[in-house]
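Values in this document were obtained by computation on a predicted structure and should not be read as measured data. We name chains A, B, ... by the order of the sequence lines, and we start the count at 1 in each one. Computed over heavy atoms, backbone and side chain alike; hydrogens, waters and symmetry mates excluded.
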Amino acid sequence: MKIATWNINGVRARIENLVHWLGESDPDIVCLQEIKSVDEQFPRAEIEALGYNVKTHGQKGFNGVALLSKLPFDEVNRGLPGDDTDEQARFIEGVFSTNEGALRVVSLYLPNGNPIDDPIKFPYKLSWMARLERWAQERLELEEALVLAGDYNVILQPIDARNPQAWVNDALFQPQSRQALRQLINLGFTEAIRAVTDEADIYSFWDYQGGAWQKNNGIRIDHLLLSPEAANRFGSAFIEKHVRAWEKPSDHVPVAIQLDLKAA
DNA sequence: ATGGCTGGATCGTCCAGA
């Protein structure tokens, strides 16, 4: 089973790229972020025509996440618990049946948090991460295959940026952000790409500005975290970098894993 | 890069992103 995550930066602006990529990559489950669309305007017909079930958690103008799946959904949950006043659409969970039991897949879009001296934005990022850790701790008690996939907006290590010193005053590279993601992973998750390689210079985001793509001036912030039960079925992980060279690209590329699981 | 691109909302120009 192939599971992919992709910050698509506007699903309506990117629908041609998305359809082409789905045909080429042929994932079973897709986690999308930054769909920048309300549910009613999500281009579901084009995606359903390719054999996918579509579940969205949209929002007007920005944010918004979605799950696409060739497997039927047993359950869908929208929104990260822990703060009833949080109206930003950044989290959707789907549950599926496999030959090994339940599979839970989350598409998450972690807050950017910039600028770091903003009274709202950076604290919101950190409190969102604390809520995510509490949620993950509860889910791990189920001892099920769980994949937490998405745009984490955190540069975990210096090797995850081409120019780490350029990010020292950025919310993505603050010690608190990195510590919070480290703490989440240390609950017992496996970060899929680092499970297969220690190499530097592998990125998932390149800014539109300053010729970042041409210079390979990127950062690696899109991750798939696997619970122990998912990690036991882990086969491979890869970044679909070539998608960044397409016409009208997202500034992020898809990151995917192969799990040794089958639909029930 | 105190951001020189892009998408979205809206219809001239601002917000948000990372």
Side-chain angles (χ1 to χ4, degrees), chain A residues 5-19 21 31-43 46 56-66 86-91 107-126 128-129 132 149-178 180-181 201-223 239 241 243-255:
Chain A
T5 180
W6 190 13
N7 179 323
I8 198 163
N9 188 19
V11 69
R12 286 171 291 156
R14 213 75 60 209
I15 185 61
E16 283 185 30
N17 276 13
L18 177 59
V19 165
W21 172 73
C31 305
L32 296 178
Q33 301 88 37
E34 274 203 277
I35 62 174
K36 295 185 176 180
S37 172
V38 292
D39 297 336
E40 299 72 37
Q41 291 179 355
F42 190 95
E46 293 92 322
T56 62
H57 186 210
Q59 181 177 347
K60 186 176 179 180
F62 56 108
N63 298 333
V65 289
D86 184 2
E87 293 180 343
Q88 299 195 32
R90 298 180 172 276
F91 184 98
S107 177
L108 68 89
Y109 177 44
L110 211 143
N112 173 298
N114 279 305
I116 55 176
D117 56 0
D118 186 280
I120 306 284
K121 294 190 171 184
F122 191 54
Y124 174 61
K125 180 187 190 115
L126 296 179
W128 205 94
M129 296 185 83
L132 179 62
D151 177 358
Y152 281 75
N153 268 322
V154 175
I155 301 165
L156 193 57
Q157 301 185 81
I159 59 166
D160 296 317
R162 178 61 175 265
N163 297 120
Q165 59 293 1
W167 296 91
V168 293
N169 292 317
D170 194 286
L172 279 64
F173 198 51
Q174 288 310 292
Q176 300 102 306
S177 310
R178 297 168 62 195
L181 181 51
D201 264 356
I202 52 169
Y203 307 120
S204 64
F205 168 91
W206 296 260
D207 202 297
Y208 289 122
Q209 304 181 63
W213 166 245
Q214 288 74 14
K215 298 179 202 163
N216 196 27
N217 179 16
I219 53 178
R220 197 176 69 87
I221 57 175
D222 298 273
H223 304 298
I239 299 176
K241 181 178 179 179
V243 174
R244 187 63 175 78
W246 290 358
E247 287 295 311
K248 237 172 119 30
S250 169
D251 39 10
H252 297 249
V253 295
V255 184

J.: Using a heavy-atom cut-off of under 4.0 Å over every strand shown, decide if Asn7(A) touches base, sugar-phosphate, or nothing.
T.: sugar-phosphate
J.: Tell me the interatomic distance from Gln33(A), atom CD, to dA16(B), atom C1', rounded to whole angstroms.
T.: 16 Å
J.: Between dA18(B) atom C1' and Lys121(A) atom NZ, what is the distance in whole Å?
T.: 11 Å
J.: Considering residues at least two apart in sequence or located in another chain, which fulfil the side-chain contact (heavy atoms from CB on, under 4.5 Å) criterion with Lys60(A)?
T.: Val38(A)
J.: For the pair made of CG in Leu172(A) and P in dA16(B), what is the distance, rounded to whole Å?
T.: 17 Å
J.: Quick check: are there more than 12 heavy atoms from other residues, nucleotides or ligands sitting under 6.0 Å from CD of Gln157(A)?
T.: yes
J.: Could you state the atom-to-atom distance from NZ of Lys248(A) to C1' of dG8(B) in whole Å?
T.: 11 Å
J.: Below 4.0 angstrom from OP1 or OP2 of dG17(B), is there any side-chain N or O of Asn112(A)?
T.: no
J.: Does a side-chain N or O from Tyr109(A) land closer than 4.0 Å to OP1 or OP2 of dA18(B), or not?
T.: yes
J.: What integer distance in Å separates Ile221(A):CD1 from dG17(B):C1'?
T.: 10 Å
J.: If I take atom CG in residue Asn9(A) and atom P in nucleotide dC5(B), what distance separates them, rounded to the nearest angstrom?
T.: 15 Å
J.: Considering only the C1' atoms, how many Å lie between dA1(B) and dT13(B), rounded to the nearest integer?
T.: 23 Å
J.: Listed by chain and number, what are the ring pair (Phe, Tyr, Trp, His ring centres under 6.0 Å) partners of Tyr203(A), not counting sequence neighbours?
T.: none
J.: What residues form a salt bridge (Lys or Arg N to Asp or Glu O under 4.0 Å) with Asp222(A), not counting sequence neighbours?
T.: none
J.: Can you find a side-chain donor-acceptor pair between Asn9(A) and Lys36(A) that sits under 3.5 Å?
T.: yes
J.: For Asp86(A), check salt bridge (Lys or Arg N to Asp or Glu O under 4.0 Å) against everything at least two apart and list the hits.
T.: Arg131(A)
J.: Which part of the nucleic acid, if any, lies within contact of Asp251(A), taking any heavy atom under 4.0 Å across all strands shown: a base, the sugar-phosphate backbone alone, or nothing?
T.: nothing
J.: If you compare every side-chain N and O of Lys36(A) against the phosphate oxygens of dT6(B) (OP1, OP2), does one of them come in below 4.0 Å?
T.: no
J.: Enumerate the protein-to-nucleotides 1-3 of chain B contacts in which both atoms are nitrogen or oxygen and the separation is below 3.5 Å.
T.:
| from | atom 1 | to | atom 2 | distance (Å) |
| --- | --- | --- | --- | --- |
| dG3(B) | O3' | Gln209(A) | OE1 | 3.2 |
| dG3(B) | N2 | Asp207(A) | OD2 | 2.4 |
| dG3(B) | N3 | Gln209(A) | NE2 | 3.4 |

J.: Going by the rule side-chain contact (heavy atoms from CB on, under 4.5 Å), which residues pair with Asp207(A) if we only count those two or more places apart in sequence or in a different chain?
T.: Phe205(A), Gln209(A), Ala212(A)
J.: Identify the residue among Arg178(A), Gln174(A), Gln176(A) that makes a side-chain contact (heavy atoms from CB on, under 4.5 Å) with Val154(A).
T.: Arg178(A)
J.: Name all residues meeting the ring pair (Phe, Tyr, Trp, His ring centres under 6.0 Å) criterion together with Tyr152(A); count only those two or more places apart in sequence or in a different chain, and write none if there are none.
T.: His223(A)
J.: Under 4.0 Å between any heavy atoms, over every strand shown, what does Asp151(A) touch: base, sugar-phosphate, or nothing? Just pick one.
T.: sugar-phosphate
J.: Regarding Arg162(A), tell me which of base, sugar-phosphate or nothing describes its non-hydrogen contacts under 4.0 Å with the strands shown.
T.: nothing
J.: May I ask you to list the residues of residues 11-18 of chain A, by number, that have any heavy atom positioned under 4.0 Å from an atom of DNA chain B?
T.: Arg12(A), Ala13(A), Arg14(A)
J.: When we call it a touch if two heavy atoms are under 4.0 Å apart, what does Lys125(A) touch: a base, just sugar-phosphate, or nothing?
T.: nothing
J.: Select from Lys60(A) and Gly113(A) the residue whose nearest nucleotide in DNA chain B is closer to the 5' end of that strand.
T.: Lys60(A)
J.: Can you see if the side chain of His252(A) gets near the phosphate of dA18(B) - specifically, an N or O under 4.0 Å from OP1 or OP2?
T.: yes
J.: Roughly how many Å is it from CD in Glu34(A) to P in dA9(B), rounded to a whole number?
T.: 13 Å
J.: In this structure, how many angstroms lie between the P atom of dC5(B) and the CZ atom of Phe205(A), rounded?
T.: 13 Å
J.: Using the test salt bridge (Lys or Arg N to Asp or Glu O under 4.0 Å), find all partners of Arg90(A) that sit at least two apart in sequence or belong to another chain.
T.: none
